[in-house]
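Note that ligands are numbered from 1 as they come in the structure, with each ligand's atoms numbered from 1 the same way. Predicted, not measured: the structure shown is a model, and the values here were computed from it. Just so you know, these numbers use all the heavy atoms, side chains as well, and skip hydrogens, waters and symmetry mates.
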Amino acid sequence: MIDYQPFLQHLNHYSAEFPAIADWLKQLPTQIDKGLDEKRYGDLSRWKQALAGMPNFTVNSVDLNQSAITVSTENTLDIQQCEALTTQLKGLHPWRKGPFSLFNVEIDTEWRSDWKWDRLKDHIEPLSGKKVLDIGCGSGYHCWRMLGAGAELVIGIDPTPLFIVQFFTLQKYIQNHHATVLPMGIEHVPDKLQFFDAVFSMGVLYHRRSPFDHLMEIRSALQPGGEMILETLIIEGKQGEVLVPEGRYARMGNVWFLPSPGTLTTWLKKVGFKDIHLVDVSTTSTEEQRSTEWMTFYSLAEFLDPDDSNKTIEGYPAPKRAIFTAKAP
Ligand SMILES: C[S@@+](CC[C@H](N)C(=O)[O-])C[C@H]1O[C@@H](n2cnc3c(N)ncnc32)[C@H](O)[C@@H]1O
């Protein structure tokens, strides 16, 4: 069941110190209802039914600090129980971000999101005791890792209702209400919250039509001195260079800008970010993003030129991603 009440109660603890949070709390129930409106999202009632049908098991341990977010029980599941759980989970196909291990059912997601986490975790300010926003968090895989790293409060936001249902599937068993995933885009988070100690934006900037507006949104969610962790597609090239794909990029229709690292650094400075560090550049491999039995659609291998894996199917440079950290002024 999707129940935001325990999380909203936790968030309410911050209301006295942060009036902007008190104001947001007044709007949140309406925003949540809108983001999970069954009239707008035809498949939502089916996904909610899949969630309602997840079997009840006693949870004996939860591990948020290994590659797969892991929930275990001391009682070994029999074959029927395993099959029942697998069937319900597959009702939430496609599983894109993970992996997860639920009572020994291994959800091998399209993405090895743990690899992204491993690339950034040693370059960021410690998350212990922090308030964190994860913009475009998908199923919330990284939100759980942030909680595992000691964050006091983690808000993920994502406008795709399937991912909200996937998050609440994990939440059914994990029952840690210091994290949630809200059904909304960054454009619906109030301006000038200046609340979060850390804001992650990973895999989102290139989907936004105006990169500057997105960077301003991140800045306005952060407390002064708070840390942004920005992960996005880039191209190799000089400062000032940027690729604007004419049509699709790696079969994605909504990719607007792929800057060079130098260009992106200039953008960050222009928006006022300080202490800017490029901490990682990686080419996405077909081991990191691939079809699996939990995501049976086409994946990266089909989005690359079959004769030259350095190019996308449209002839652009193959996906390369950079991670930047920077501080809000
Ligand atoms: C490429 S995925 C990245 C997922 C995850 N952050 C990661 O790095 O693995 C982009 C996500 O952004 C979400 N998204 C799309 N538009 C958004 C918006 N306006 N605000 C927040 N998230 C958005 C999508 O639903 C999708 O889950």
Side-chain angles (χ1 to χ4, degrees), residues 31-32 34-36 40-41 43-44 47 67-69 92 94-100 107 109-121 124 132-146 154-167 179-191 193 196 198-218 220-221 228-234 248-258 279-280 282 284-285 288-290 295 297 299-300 303 319-324:
Q31 289 186 314
I32 290 168
K34 204 167 164 197
L36 295 175
R40 283 175 73 195
Y41 304 105
D43 288 322
L44 185 54
W47 296 326
S67 297
I69 300 297
L92 299 180
W95 285 84
R96 294 194 180 273
K97 313 292 173 182
F100 303 101
I107 307 181
T109 46
E110 177 190 19
W111 282 85
R112 290 295 308 263
S113 308
D114 50 320
W115 294 9
K116 191 178 286 189
W117 185 254
D118 287 343
R119 287 199 283 266
L120 67 82
K121 68 179 174 23
I124 63 176
V132 183
L133 176 67
D134 185 6
I135 302 170
C137 63
S139 63
Y141 171 84
H142 292 123
C143 297
W144 296 118
R145 297 300 304 264
M146 292 164 196
V154 181
I155 300 184
I157 56 169
D158 204 291
T160 307
L162 172 63
F163 303 150
I164 308 296
V165 182
Q166 290 175 344
F167 172 81
T180 203
V181 176
L182 296 171
M184 65 178 69
I186 179 63
E187 59 280 14
H188 297 117
V189 172
D191 201 23
L193 274 185
F196 295 99
V199 173
F200 290 74
S201 167
M202 305 197 288
V204 175
L205 183 71
Y206 51 87
H207 287 317
R208 305 294 291 149
R209 250 183 312 189
S210 165
F212 289 100
D213 286 344
H214 184 59
L215 296 174
M216 302 281 273
E217 285 162 346
I218 297 170
S220 99
M228 168 180 69
I229 298 92
L230 178 70
E231 193 256 13
T232 194
L233 288 168
I234 48 121
R248 289 175 174 261
Y249 174 84
R251 292 239 163 100
M252 290 183 281
N254 54 349
V255 174
W256 297 91
F257 292 88
L258 280 70
V279 300
D280 185 76
S282 301
T284 308
S285 71
E288 184 170 357
Q289 184 191 7
R290 73 278 192 255
M295 203 303 290
F297 304 145
S299 189
L300 182 60
F303 306 155
K320 204 178 265 275
R321 291 164 178 270
I323 301 173
F324 281 84

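Between Trp144 and Phe167, the two ring planes are parallel [angle under 30°; tilted spans 30° to 60°].
Under the side chain to side chain contact (heavy atoms under 4.5 Å, CB included) criterion, Phe212 pairs with Ser210, Trp267, Lys270, Val271, not counting sequence neighbours. In this structure, the side chain to side chain contact (heavy atoms under 4.5 Å, CB included) partners of Pro190, at least two apart in sequence or on a different chain, are Trp24, Gln27, Leu193. Partners of Arg209 by side chain to side chain contact (heavy atoms under 4.5 Å, CB included), not counting sequence neighbours, listed by chain and number: Trp256.
More than 12 heavy atoms of other residues, nucleotides or ligands shown are found within 6.0 angstrom of CE on Met252.
Protein residues with a heavy atom closer than 4.0 Å to ligand 1 are Lys97, Lys116, Ile135, Gly136, Gly138, His142, Asp158, Pro159, Thr160, Phe163, Gly185, Ile186, Glu187, Met202, Gly203, Val204, Tyr206, Arg208, listed by chain and number.
Defined by atom type and a distance below 3.5 Å, a donor-acceptor pair is present between the side-chain atoms of Ser299 and Glu110.
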